[in-house]
Protein chains: 2
Amino acid sequence: MPENAAAPAGPPAAPRRLRADAQRNVTALLEAAKTVFDTTGVDAPAKEITDLAGVGVGTLYRHFPQRSDLVKAVVQSNIDACAAAGPRLRAAHEPAAALAAWLREYTELLGTKRGLASALHSGDPAYEALPGYFLETLTPTLTALLDAAAADGEIRDDVAAKDLMFAIAQLCLPVAGESPGHSARMVGILIDGLSNGPRRQGRTAGQ
Amino acid sequence: MPENAAAPAGPPAAPRRLRADAQRNVTALLEAAKTVFDTTGVDAPAKEITDLAGVGVGTLYRHFPQRSDLVKAVVQSNIDACAAAGPRLRAAHEPAAALAAWLREYTELLGTKRGLASALHSGDPAYEALPGYFLETLTPTLTALLDAAAADGEIRDDVAAKDLMFAIAQLCLPVAGESPGHSARMVGILIDGLSNGPRRQGRTAGQ
DNA sequence: AGCCAAACGGAAAAGCTTTCCGCTTGATTT
DNA sequence: AAATCAAGCGGAAAGCTTTTCCGTTTGGCT
């Protein structure tokens, strides 16, 4: 029963329509936070984010009452972006290629956004809802991609979206002493393993 | 002037022997931290810990220069305790029973000490060494238990310690919307699956 | 134009971690 | 047993961060 309009993947939960400048600031903050989290880490001081966004701290805390609300919003935004990539890739590529490309994007979501993994596992009650959001948002996307590729006969049809998501998540867990690209390489092999067709070289390994 | 001395499984790294009262305080702090982390969470203020331990903050920071050092020490202590349980259980029970009991202890280590999982996955460089310590310490313990039970023919002999450890760790990852006992139940099933003997009821399910 | 609630900025408050230093005390020597 | 003194202690204060507060600005509306 969300009756409010225009809140694509909003920050916390917007009960009323935001003023134009406020909406702009929220977007700027989210963007800045994404950048800073990737650069300095999730523990970066709020000041760094507000400076980059060009707003005062008061503005940050108006929209994200707690620091964790901002982290949560960024993670959700990353998840949303990954989900949105599904239809886009499907429109631009053949089913199997779209699937492979999306899985690489998903891998990157897990591997490069350190904040995501730690938020998911932190045990902090503020992030309790995230794993659920993660699954609810991404499972349909992957299911659609899998179904399309399976319908074409390009890949095996006995893999459930959720299983694949978990398996890749598992592969992306950081293991002490492995080079950074290790996870991506393993996932590449897994992706190749989905294929029904003849072995192709360089499809998932190269960029 | 021999400055090297015994440091059983000390806090950070003790280059010289501690004075008796200092040793007592370190122990008290570790004990207090364990309690507080389990109660209030890993983010509990240091004050709560020093109060419970009955020491001043200065004392805490003398022994654990950074907050993360204390967390690290507690995690290591938990790992050590789990490792120490191996020989103890082996002495007190038959091989297969000892193995099952130890795996339950290991499950508890993963499941109830929220701090461990989040420290392992946090990405904070302060905890980088922990996954390695975890494996190095627990793998030999489990290997010994497995070998003993396998030698008796009580369990299958085609399971490597590391694989089992990872599998259980995987089962213990928190999944949104599952009851708290879910992980333990699943692990119980896995443990039963190791057995070569006739199905027994209530061995791993009950407490 | 003029109104005013929404939104802003940033100073101040609150809270945590970490440092500092004068005082206390366990161990050692005499 | 007393003296000595470096190791160790406690807690006040410094340094950072997050969070609150409030006077000022401004977008949306009439």
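Here is how names work: the chains are called A, B, and so on, in the same order as the sequence lines, proteins then strands, and each is numbered from 1.
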Side chain [X], main chain [Y], donor-acceptor under 3.5 Å:
X      : Y     : value
B/S77  : B/A73 : no
A/T50  : A/V57 : no
A/Y106 : A/C82 : no
A/T40  : A/F37 : no
B/W102 : B/R90 : no

Q: Return the 5'-most residue of the pair A/A44, B/G56 with respect to DNA chain D, ranking by each residue's nearest nucleotide.
A: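 Residue closer to the 5' terminus by nearest nucleotide: B/G56.
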Q.
I want to confirm an ordering. Mapping A/R19 and A/K47 to their closest nucleotides on DNA chain D, which one lands closer to the 5' end?
A.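 Mapping each residue to its closest nucleotide by heavy atoms, the 5'-most match is A/K47.
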It should be established whether [X] places a side-chain nitrogen or oxygen under 4.0 Å from OP1 or OP2 of nucleotide [N].
X     : N      : result
A/H63 : C/dC8  : yes
B/Y61 : C/dT19 : no
A/T59 : C/dG9  : yes
B/N25 : D/dG8  : no

Check the distance between [N]'s [atom2] and [X]'s [atom1] and give it to me in whole angstrom.
X      : N      : atom1 : atom2 : result
A/D43  : D/dC16 : CG    : P     : 17 Å
A/Q23  : D/dG28 : CD    : P     : 11 Å
B/L70  : C/dC16 : CG    : P     : 16 Å
B/L29  : D/dG8  : CG    : C1'   : 13 Å
A/F64  : D/dT19 : CZ    : P     : 13 Å
B/R24  : D/dC9  : CZ    : C1'   : 12 Å
A/D124 : D/dT18 : CG    : C1'   : 14 Å

Minimum-distance nucleotide (side-chain atoms of [X] versus [options]):
X     : options                : result
B/V57 : C/dC8, C/dG26, D/dA12  : D/dA12
B/A46 : D/dG8, C/dT17, C/dG9   : C/dT17
B/R62 : C/dT17, C/dC21, D/dC22 : C/dC21
B/Q66 : C/dT18, C/dC8, D/dT17  : C/dT18

Q.
For a quick check of understanding: with a heavy-atom distance under 4.0 Å over all strands, which category does A/R67 fall into, base, sugar-phosphate or nothing?
A.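 Result for A/R67 = sugar-phosphate.
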Q.
Quick check on DNA chain C: between B/A20 and B/S68, whose nearest nucleotide comes earlier from the 5' end?
A.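 The residue whose closest nucleotide sits nearer the 5' end is B/S68.
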